[in-house]
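Notes follow once the structure below has been shown.
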Amino acid sequence: MELQKFQYDNKIVKWFAYATMFWGLVGMLVGVIAAIQLFIPALNMNLPYTTFGRLRPVHTNAVIFAFVGNGIFMGVYYSIQRLLKARMFSDFLSKIHFYGWQLIIVLAAVSLLMGKTTGKEYAELEWPIDILITLVWVVFGWNMFGTIIRRRERHLYVAIWFYIGTLVTVAMLHIVNSIEIPVSFWKSYSWYAGVQDALVQWWYGHNAVAFFLTTPYLGLMYYFLPKAANRPVYSYRLSIIHFWSLIFIYIWAGPHHLLYTSVPDWAQSLGVVFSIMLIAPSWGGMINGLLTLRGAWDKVREDVVLKFMVVAVTAYGMATFEGPMLSLKSVSAISHYTDWIVAHVHVGALGWNGFLTFGILYWIVPRMFRTELYSKKLANMHFWIGTLGIVLYAVPMYWSGIMQSLMWKEFTPEGQLRWQFMDTVTKMIPFYATRAIGGTLYLTGAIIMVYNLIKTVKAGNFLANEDAEAAALEKHASHGKEHWHRWIERKPVQLMIVSLVVVTIGGVIEFVPTFLVKSNIPTIASVKPYTPLELHGRDIYVREGCYTCHSQMIRPFRSETARYGEYSKAGEFVYDHPFQWGSKRTGPDLARLGNKYPDSWHYNHMLDPTSMSPGSIMPPYPWLFDDKVDVSLTVAKIKAMQRLGVPYPKGFENEAAKDMEKQAKVISENLKKDGIETMPDKEIVALIAYLQRLGTDIKNEPKEIEKK
Amino acid sequence: MKFINYLESITDIGVYPLVALLIFFLFFIGVAFYVILARKEYFDTLSNLPLRSSETDTLIPNTTGYDEETK
């Protein structure tokens, strides 16, 4: 067979590597700032763009989609060319992919800081960016499949299976969760409401972890770990079982983020069962990775790349053991809404994703630049600083998370809650500080790496196009065997379709009954749509990212009903596009905040939280007192809600302005009685209207509830 | 546009998860059989795919000391 000469494209790998490093530093830096804001609230700087509620989504999006995203593309573009013995299908598509993705990141950062958000965690980006993501993802898929079709290697190595599984599943998750009705260019409402929105969101949220942070990185592990250790993977058989069982089971586990909430019980149970099952494939993968190093453990002592990879795979094992444990209802009862979850996520993010990325960078950059790493000493330093950073990050958060949860649940012998919420916040401060030190150490390590790699790049000589040769794939025209080989040739496409079917089933079985069957979302007669003013207030609540620190979901525990009031019912959220249940209680739950305090309390609290609750770490929101409610969108908002099925009377959009004025006047008069002069058209008035509405509907007709 | 709860219940919904379980149980049995029965040499070929050297591999001396005989 004639050998064909071709070249691997290292340039695109280089660009993605640079982007990985750059966005990694940005994402981590924003994370450190947000972490410090929790114990030094002055760092919120009284500016809308720098408050925690907006920085936190920038941090999560930057780290997931910018740092890890570029890391995925770097690793995929490097490995897939070599595994398939082919140059990427099109340099042009590679370029569009690269620049498109960076454009998305910049737009994301700017729009999130501007407060343009859908209010759904890890899916905060507004609809124009969502569409752009879809297009760029298609370009990535096109480029990848083009390469697969033009390959010179018949077999598809398991890493590529993971890449294909990632490609189809992320596309499905992104599209289904991002279906929204645009109100304006930068504002939309989720198609789903309340319980259904929650179910779709956490199906997405959980699988963003599964198919963006896990499966592509497992593909990278299956390529780069054997490469760095220079020995084949421990068991290829295990890797096949690993792949199929992981993608099948992962997709079902989403509802474990919603235990004890208003989601139907059967859906919660399904989530728990599949979460427990997840231990098997996850640990199968971890063991496969670690045993690849059998007989080479002495090399781990010397080779910094292997060090990073071993810690990465170990962190993966720890996080995937902890995850199923956290999914047990009794454990979730304690851990949910606390910093324990934040610690768990960061063992995965810092340990698994971060360290594997660092390992790959240390391996890839010197090779592409045909030189030795500038300093092994600095790389070792990075390893130890990073590891120490992870420990200092995670341990205080585990400790404080459990501590705070137990404080929330503690009763005196007389049957009263022992602690005010504020008491538990004050106790957190030293732990927040230690966590920030851990994060800073980790960032310092990353800065050392970037310096080390810049020095390496400067000393090296970049090989943009790497010569390679391989025989073309034979065309099998011989009789008898024809069918079998044709099947093999079509295998990538079949693999994609089967993966898609596998990941669809879990979602369908969980969604369809919740969407179709009446008994799953019992309606409550007294629950009414938001007034136009409250709707505007709710949009301000979403814009400021209040959900990053406050939940709106009271679980049916004595400790919660005693603190917050009647537990939340599914029927209370039927007009919530999007749902705002939140996932973290840095501050108290707000589900029954309405009518708890006078309007003036909220006014003063938003202006200076410590004036109403001494010791509060909530930032002030002074701009709400200057900015006017954007009434130009009122009609469009009501219309969008009507299209989503919210039962406003016909033609209500034209009366909405009058209705708003009326309600705002009442609030401003209320404030006047307490000596506060404010114009009724300010944003604070709308926000107060919304906060005073929260959870009050079912109080109006308590008998209706009793019947349920 | 809205998701309305059209149905009071879905007839025999209990069968759905059972069917799903069955499909995947059989699928797993299939994968397991395939994995167990396939030739070892085939998997050896596959698992060595990443180790074929390309130019960048040879630029830096291999320090891991793994050689074919120890496999």
Side-chain angles (χ1 to χ4, degrees), chain A residues 8 10 79 82-83 153 155 157-159 181 191-193 196 222-224 226-233 235-241 244-245 248 270 295-296 299 302-303 306 366-368 370-372 463 466-468 502 505-506 509 512-513 515-521 643-646, chain B residues 1-25 27-71:
Chain A
Y8 296 132
N10 281 344
S79 60
R82 285 154 179 86
L83 284 170
E153 165 60 54
H155 305 298
Y157 183 64
V158 67
I181 302 288
W191 191 21
Y192 322 99
Q196 293 156 344
Y222 275 118
Y223 180 79
F224 286 99
K227 210 67 185 153
N230 199 30
R231 49 191 58 225
V233 66
S235 166
Y236 199 86
R237 289 190 168 99
L238 183 55
S239 73
I240 294 173
I241 296 182
W244 287 111
S245 47
F248 168 49
L270 261 183
K299 305 297 168 204
E302 288 149 30
D303 188 352
L306 287 179
R367 277 172 176 74
M368 290 195 308
R370 296 185 285 184
T371 181
E372 296 272 351
L463 181 63
E466 185 180 328
D467 290 321
V502 163
I505 290 181
I509 294 220
V512 171
F515 287 153
L516 291 184
V517 183
K518 207 172 168 187
S519 63
N520 279 316
I521 318 279
R643 283 180 70 194
L644 290 167
V646 178
Chain B
M1 290 307 289
K2 187 179 161 52
F3 284 115
I4 296 165
N5 304 122
Y6 299 95
L7 308 165
E8 286 294 332
S9 66
I10 298 175
T11 331
D12 294 332
I13 184 135
V15 173
Y16 289 33
L18 278 179
V19 170
L21 181 70
L22 206 67
I23 291 171
F24 281 97
F25 184 68
F27 182 77
F28 275 118
I29 298 290
V31 171
F33 261 95
Y34 161 70
V35 163
I36 293 165
L37 295 179
R39 284 174 300 120
K40 189 179 180 308
E41 302 81 59
Y42 174 63
F43 287 128
D44 283 344
T45 320
L46 282 170
S47 59
N48 275 300
L49 284 180
L51 299 181
R52 288 176 317 202
S53 61
S54 68
E55 198 179 334
T56 42
D57 290 337
T58 50
L59 292 167
I60 291 177
N62 172 28
T63 53
T64 46
Y66 174 77
D67 55 71
E68 288 299 311
E69 284 99 88
T70 58
K71 193 158 60 176

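Below, read A as the first sequence line, B as the second, and so on, with proteins coming before strands; counting in each chain starts at 1.
Note that CG of B:L51 and OH of A:Y223 are 8.5 Å apart. Values are rounded to the nearest 0.5 Å. With rounding to the nearest 0.5 angstrom, the CD atom of A:E153 is 4.5 Å from the CG atom of B:L49.
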Yes or no on side chain to side chain contact (heavy atoms under 4.5 Å, CB included) for A:I240 and B:V31, after CA distance, side-chain angles and deciding distance?
-> CA-CA 8 Å; A:I240 294 173; B:V31 171; 4.0 Å; yes
Full working for side chain to side chain contact (heavy atoms under 4.5 Å, CB included) between A:Y157 and A:V233 | CA-CA 11 Å; A:Y157 183 64; A:V233 66; 4.1 Å; yes
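Both the backbone and the side chain of A:V502 come within contact range of chain B, judged by heavy atoms closer than 4.5 Å. Heavy-atom distances place the side chain of B:F28, and not its backbone, under 4.5 Å from chain A. Only the side chain of A:F248 comes within contact range of chain B, with at least one heavy atom under 4.5 Å from a heavy atom of that chain. With a 4.5 Å cut-off on non-hydrogen atoms, A:S239 does not touch chain B at all. Both the backbone and the side chain of A:L83 come within contact range of chain B, each with at least one heavy atom under 4.5 Å from a heavy atom of that chain.
A salt bridge does not link A:E466 to A:R370: none of the charged side-chain nitrogens sits closer than 4.0 Å to a carboxylate oxygen.
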